[in-house]
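One structure is given here, and the rest of the page talks about it.
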Protein chains: 2
Amino acid sequence: MTRKLMNNLSVDCVVFGFDGEQLNVLLVERTLISPETQEVIFSDLTLTGYHIYEDEDLDSAAARIVKDLTGLENIVLEQFYSFGALDRLLHPNDQAWLEQFGDVFSNRVVTVGYYSLLPSTNVKIILKGRNVSWYKVSEVKGLAYDHDHVLQKALEHLRYKFWHEPIGFELLPMKFTLSQMQKLYEAVLGTQFDKRNFRKKVSQMNYVVALNERQTGVAHKPAQLFMFSRDVYEKTRKERFDFFV
Amino acid sequence: MTRKLMNNLSVDCVVFGFDGEQLNVLLVERTLISPETQEVIFSDLTLTGYHIYEDEDLDSAAARIVKDLTGLENIVLEQFYSFGALDRLLHPNDQAWLEQFGDVFSNRVVTVGYYSLLPSTNVKIILKGRNVSWYKVSEVKGLAYDHDHVLQKALEHLRYKFWHEPIGFELLPMKFTLSQMQKLYEAVLGTQFDKRNFRKKVSQMNYVVALNERQTGVAHKPAQLFMFSRDVYEKTRKERFDFFV
DNA sequence: TCACTAAAGTGTATATAGTACACATTTTAA
DNA sequence: TTAAAATGTGTACTATATACACTTTAGTGA
């Protein structure tokens with residue numbers, strides 16, 4: 001018994017990772033090869049995504065896609081926006097690519113965008129038969145379909161959340177240094193922070209807890225390690241009246 | 001030539017209005033009448049929404065729905081979330097209702113949620129053959145389908161935005177008093193603000209401009225009128241590093 | 001026209017958070 | 001032993017947030 005795909009509904013996952021310096025995103029190579037000549041007709045990159053099954057809800061579809069790709073379960077997955085422009089699959093390359101699949105997929109596909117934050121970029125990527133790898137977000141352009149736009153929207157949402165609440169600990173190792181945390185914020189938000197002021201801010205967050213442990217194997221004074229405590233966070237989280245002036 | 005509807009994709013619009021005291025939402029009466037006995041089988045309320053046409057993008061579908069309903073164009077319409085739970089249409093009432101339409105609509109419909117903010121609640125509602133009216137958000141429950149959930153999500157998004165940036169002027173008359181503005185914020189956010197502190201905050205927003213005009217026809221000292229200047233807002237808007245402690 | 005009603009409008013003192021800024025400390029590696 | 005590299009720390013100043021109560025003004029009706 002085979003599950004049936006919905007021909008006009010897909011989920012795209014923008015999988016973010018952080019390597020200590022830069023914000024990265026997982027992309028899949030899409031190479032169209034002529035069946036006759038075996039020549040490469042074109043080759044480009046897409047976000048990771050797939051159509052959803054008829055018996056699958058949106059969140060499950062997103063989780064499935066990330067799991068098929070990375071083997072990881074229970075990672076952060078947040079729906080951020082849906083895309084339904086009429087021309088989102090109409091570029092000649094996209095049409096040529098989709099032709100391979102006959103009429104399994106419609107020309108009119110609405111896709112629901114999710115982003116996910118991975119514990120680190122040291123994740124084994126397993127997508128049989130396709131090249132998947134990390135790319136620096138700052139250097140990505142010319143993606144297939146409307147994926148430049150989708151990535152842009154995902155970034156906007158990520159930045160908005162970073163500005164307004166303390167998230168993104170999923171992008172750090174479980175035990176991290178304050179410098180790593182600062183670099184993450186700087187990479188995502190595209191800003192620089194003063195070290196002392198950043199630490200002052202962090203010291204007010206009692207859900208960032210100091211461990212009795214230091215870095216090892218570095219050729220300089222080893223930094224203290226910290227951990228994010230979701231427990232403390234959920235308990236002390238509060239809304240604030242902070243609309244901008 | 002008739003346009004074709006997509007049987008598994010819809011848009012739902014959560015239309016918010018403010019009456020000076022309470023936050024309201026537009027709901028449509030859904031009454032199922034037995035074709036034989038003409039008895040009312042059930043009657044309940046839904047958000048305003050409809051399936052999308054094959055040649056229509058998501059934003060246009062949302063705009064169409066609000067326009068059909070209120071006659072208004074160019075109002076704020078923001079996509080906030082999409083809903084695709086498998087059981088969202090499976091309540092017996094929902095099934096009975098949908099049976100009327102044969103197989104025009106699938107049992108598996110993903111809906112894209114938009115909310116819109118109306119200039120005031122003094123809007124002529126025109127939806128031929130259906131009762132549409134305003135309900136206090138705080139008193140709404142037991143909506144059809146998963147619309148309680150959709151409304152809840154819309155509210156969360158609205159509140160989140162209200163906390164973090166100054167929006168919602170679309171819910172006020174073009175010329176408004178500071179007390180009206182304060183009441184709006186209190187209604188949406190479910191808080192109370194100190195009048196002097198609220199005004200101090202507002203006086204820092206140079207996009208809330210004082211007019212050379214006062215209220216008329218009130219049995220007390222008439223208040224000064226203010227206007228929102230989108231121009232000034234766009235120019236002075238800036239991001240801020242304000243994640244919570 | 002006078003007294004009442006109802007909401008508008010206004011200031012200060014205190015506490016908290018944000019910003020700007022520079023040097024000594026600690027470890028490893030050569 | 002020294003050099004290199006990143007850690008870790010404090011203060012003065014400015015800006016914003018918060019708590020709090022009385023006077024002013026126009027309309028209404030006796």
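Proteins get letters first, then strands, A, B, ... in listed order; numbering begins at 1 in each.
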Scanning both residues in full, the closest heavy-atom pair of A:Met174 with A:Met227 reads O-CG, 3.5 Å

Looking at A:Tyr145, I'd like to know if the NZ or CZ of A:Arg30 sits under 6.0 Å from its six-membered ring centre while staying within 45 degrees of the ring's axis. yes

Could you tell me how far apart A:Asp194 (CG) and D:dG10 (P) are, to the nearest whole angstrom? 14 Å

Compare side-chain N and O positions of A:Arg199 against OP1 and OP2 of D:dT9 and report whether any pair is under 4.0 Å apart. no

Distance-only polar pair, side chains of B:Tyr160 and A:Glu165, donor-acceptor under 3.5 Å: yes

Can you measure A:Lys201 atom NZ to C:dA17 atom P for me and round it to whole angstrom units? 9 Å

Is there a side-chain polar atom (N or O) of B:Ser179 under 4.0 Å from OP1 or OP2 of C:dA7? no

Looking only at side-chain N and O atoms, does B:Asp59 offer a donor or acceptor that is under 3.5 Å from a partner on B:Tyr114? yes

NA contact type, A:Gln215, heavy-atom cut-off 4.0 Å: base, sugar-phosphate, or nothing? nothing

Regarding A:Glu186 and A:Gln182, do their side chains bring together a donor and an acceptor under 3.5 Å, going by distance alone? yes

B:Asn197 or B:Gln180, whichever maps to the more 5' nucleotide of DNA chain C: B:Gln180

Under 4.0 Å between a side-chain N or O of A:Lys200 and OP1 or OP2 of C:dG18? no

Could you name each residue pair satisfying salt bridge (charged side-chain N to carboxylate O under 4.0 Å, His left out) that touches residues 137-151 of chain A, not counting sequence neighbours? A:Arg88-A:Asp146

Do nucleotides 22-30 of chain C as a string where each nucleotide becomes B, S or -: B if the base has a protein heavy atom under 4.0 Å, S if just the sugar-phosphate does, - if no protein is that close. B--BBBSS-

Euclidean distance, atom CD of residue B:Gln192 to atom P of D:dC20 [Å, nearest integer]: 15 Å

